[in-house]
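First comes the structure, then the notes that go with it.
In what follows, every heavy atom counts, from backbone to side chain, and hydrogens, waters and symmetry copies are set aside. All values reported here derive from a predicted model rather than from experimental measurement.
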Amino acid sequence: MEEMSTMPDSAVPGPVPAVPPTPPVPLAALLAREDLGLRQIAGPQDSATVIHWAHTSEMADPYPYLLGGELLLTAGVHVPEAAGSGTYFDDYVSRIVEAGGAALGFGVAPVHDTVPRALVVACDDYGLPLVEVPPRTTFSGVARAVWQLMAQARHTELRRVTEAQQSLAAAAARPDPVPSVLRQLAQRVGGRAALYAPDGGEVASAGRMPGAGGGGGLRSESDAGAALAGLVAVVRPATGNGSGAGASGGGGGVSAGGGGPTPSSASDTAAGVHLAAYALGTGQGFVLGVAAPRRDPGDHTIASVGAVLLSLLTGEHQSSTGAARSSALVRLLLGAAPEEVAPLLAGGERWVVVHARPDGQAPDAVTASALGAALGSALVDVDGDVVRVLVPAGHRELAAQPGWTCGASAPVGPREWASADTQAGRALSRARATRARLVRHGEHPGLADLVPPDEAAAHARTVLAPITANPALTETLRTWLSLHGSWDRTAVALSVHRNTVRQRIARCATLLSTDLDDPDVRMELWFALRQA
């Protein structure tokens, strides 16, 4: 056993500071060291118990000299002979617990042959882990083992952060950067990552809400999700007063960073889930929300890297792509063919046009930009209630977007962009009528391909001539046939009353002098409308 000092510790009493940002050491890892021979003989057997350092003291009242999180080591030099029959050990252990000590290590020899029974009882009563240190193990050896484990944990954490940074950077370089970054971030923290729009709506997300405490049921997960949305409101700049809204009460209180009325980041705990929110960029209004089952020291660094990357991806201006788009626009205005300017738009030979309508209020430029980022394209246009996005085909599979109803065209070349725009509009109408999140325009060969295009177009003009002068009749007939004659769905798709649909279809039947209940007639009209 090392030589014990009875001189007072050099620490000066004062406020208890926060533990350092170094990775703590699980007490179980220290107990697993066979070279130390440590044995826990009292207190809770909790795998979550961690220590931040080891400290030796022979003071009867160690409270003024503890910072919190220590493994306090003592040989019992301070213990009086009659300690077992009074309240000495109760007072001693209670002061360690009050100071935030993580565990107590008691050295057997040279002062005591065994750990005092009254000390074991007191540690059990106060829930303080008590570790027996055998005679062959010095306190300096225990302290060295703690620092070794901390160094290993620090190295592991640095390597984890470095690998996460590299994977996030690689994800940001993918054709679908925003979803890729969110997927990588969710994977690295073992939880869920979501991008929130300036209006508080969720733009894109990845991963799952961690299993919450108290059984981890849907109720807890729902509470954690609501708390995360509330935390996002804290860091999102509010219109008018410039301050964020308060977070919903979810757990251990909100801690924020960044200063001022609207912090740049905030953290909280709800239903056993660790939550964090990060404002993206300056004045953009986008916020990154992260939910994880634990809060490791490197998680904040990893999430911050993700926030920086998402800030760049959701920014309105990206110099290189912005210059290329401007060049493409100028060339189009000066008469260049679409296929000549398409390479400037960082796409391939095939493109998909997407029309989308939000579930809530009319879209603005920022919300539309976020949708474009989620779809993997910066080529976005807001046209009233509809957002149109020109997406390079083949880079990723188009997926339904939360909060949006979308229609997508078939993949086309630049020369067919206009026809693809029409396809996407019709697909969106069908998606709204059928309450589907995403409808794709079919691109399947059929009987129509057996007829030469010129002959098919001439036949269509002849069949549809009586109603061609009235575009409303033509579009109503097309939509009604595509929805199998449903009055209600057609009314939804066209945003008109169902009686208006009935009147228009009756008018079509009269002008075309045909029976629209006849399936052969419907088939011929559908063929003609597809060529129109």
Side-chain angles (χ1 to χ4, degrees), residues 1-11 13 16 19 24-147 149-150:
M1 177 65 67
E2 63 180 343
E3 180 181 353
M4 295 290 107
S5 171
T6 58
M7 296 296 293
D9 298 67
S10 59
V16 178
V19 294
V25 175
L27 179 60
L30 195 64
L31 296 173
R33 289 279 297 258
E34 295 182 358
D35 58 321
L36 298 177
L38 304 179
R39 183 170 65 96
Q40 183 174 348
I41 58 176
Q45 301 279 344
D46 189 354
S47 60
T49 301
V50 295
I51 55 178
H52 292 270
W53 42 54
H55 177 66
T56 301
S57 175
E58 295 299 336
M59 302 299 296
D61 181 11
Y63 178 90
Y65 310 101
L66 299 181
L67 298 177
E70 299 96 343
L71 167 62
L72 178 63
L73 299 171
T74 179
V77 175
H78 56 88
V79 178
E81 292 185 4
S85 59
T87 62
Y88 181 85
F89 286 118
D90 267 16
D91 296 338
Y92 178 70
V93 172
S94 68
R95 293 291 279 172
I96 297 174
V97 172
E98 186 177 355
L104 175 65
F106 193 91
V108 178
V111 181
H112 298 268
D113 295 332
T114 61
V115 179
R117 178 60 188 166
L119 178 60
V120 175
V121 173
C123 286
D124 276 330
D125 291 342
Y126 284 93
L128 179 69
L130 175 61
V131 176
E132 180 187 79
V133 183
R136 63 181 177 85
T137 301
T138 63
F139 286 178
S140 60
V142 175
R144 181 175 59 204
V146 170
W147 289 112
L149 290 172
M150 291 183 68

Pairwise distance CZ(Arg39) to CD(Glu132) - rounded to 0.5 angstrom: 4.5 Å
field: Pairwise distance CG(Asp61) to CD(Glu98) - rounded to 0.5 angstrom
entry: 9.0 Å
query: Hey, are the side chains of Pro26 and Thr49 touching, using non-hydrogen atoms and a 4.5 Å cut-off?
result: no
Residue that, paired with Leu104, satisfies side-chain contact (heavy atoms from CB on, under 4.5 Å) out of Val131, Thr74, Leu73: Thr74
statement: Scanning both residues in full, the closest heavy-atom pair of Gln40 with Gln45 reads OE1-OE1, 3.5 Å
message: Do Asp124 and Val120 make a side-chain contact, defined as non-hydrogen atoms from C-beta onward lying under 4.5 Å apart?
response: yes
- prompt: Do the two ring centres, one from His112 and one from Phe106, sit under 6.0 Å apart?
  reply: yes
field: Val108 vs Val133 side-chain heavy atoms within contact, under 4.5 Å
entry: no
field: Heavy-atom neighbours of Asp113 CG exceed 12 at 6.0 Å
entry: no
- line: Nearest heavy-atom contact between His55 and Glu70 is CB-CG, 4.2 Å
message: Can you confirm whether Ile96 sits close enough to Tyr126 that some side-chain heavy atom of one is under 4.5 Å from a side-chain heavy atom of the other?
response: no
message: Ignoring hydrogens, what is the shortest heavy-atom contact between Leu119 and Tyr92? Give both atom names and the distance.
response: CD1-CD2, 4.5 Å
- prompt: Between Leu38 and Pro134, what is the shortest heavy-atom contact and its length?
  reply: CD2-CD, 4.1 Å
Closest approach of Gly105 to Leu71 (non-hydrogen atoms, all atoms of both residues): N-CD1, 3.8 Å
query: Hey, what do you get for CG (Leu72) to CH2 (Trp53), rounding to the nearest 0.5 Å?
result: 13.0 Å
query: Nearest heavy-atom pair of Leu128 and Gly101: which atoms, and what distance?
result: CD1-O, 3.7 Å
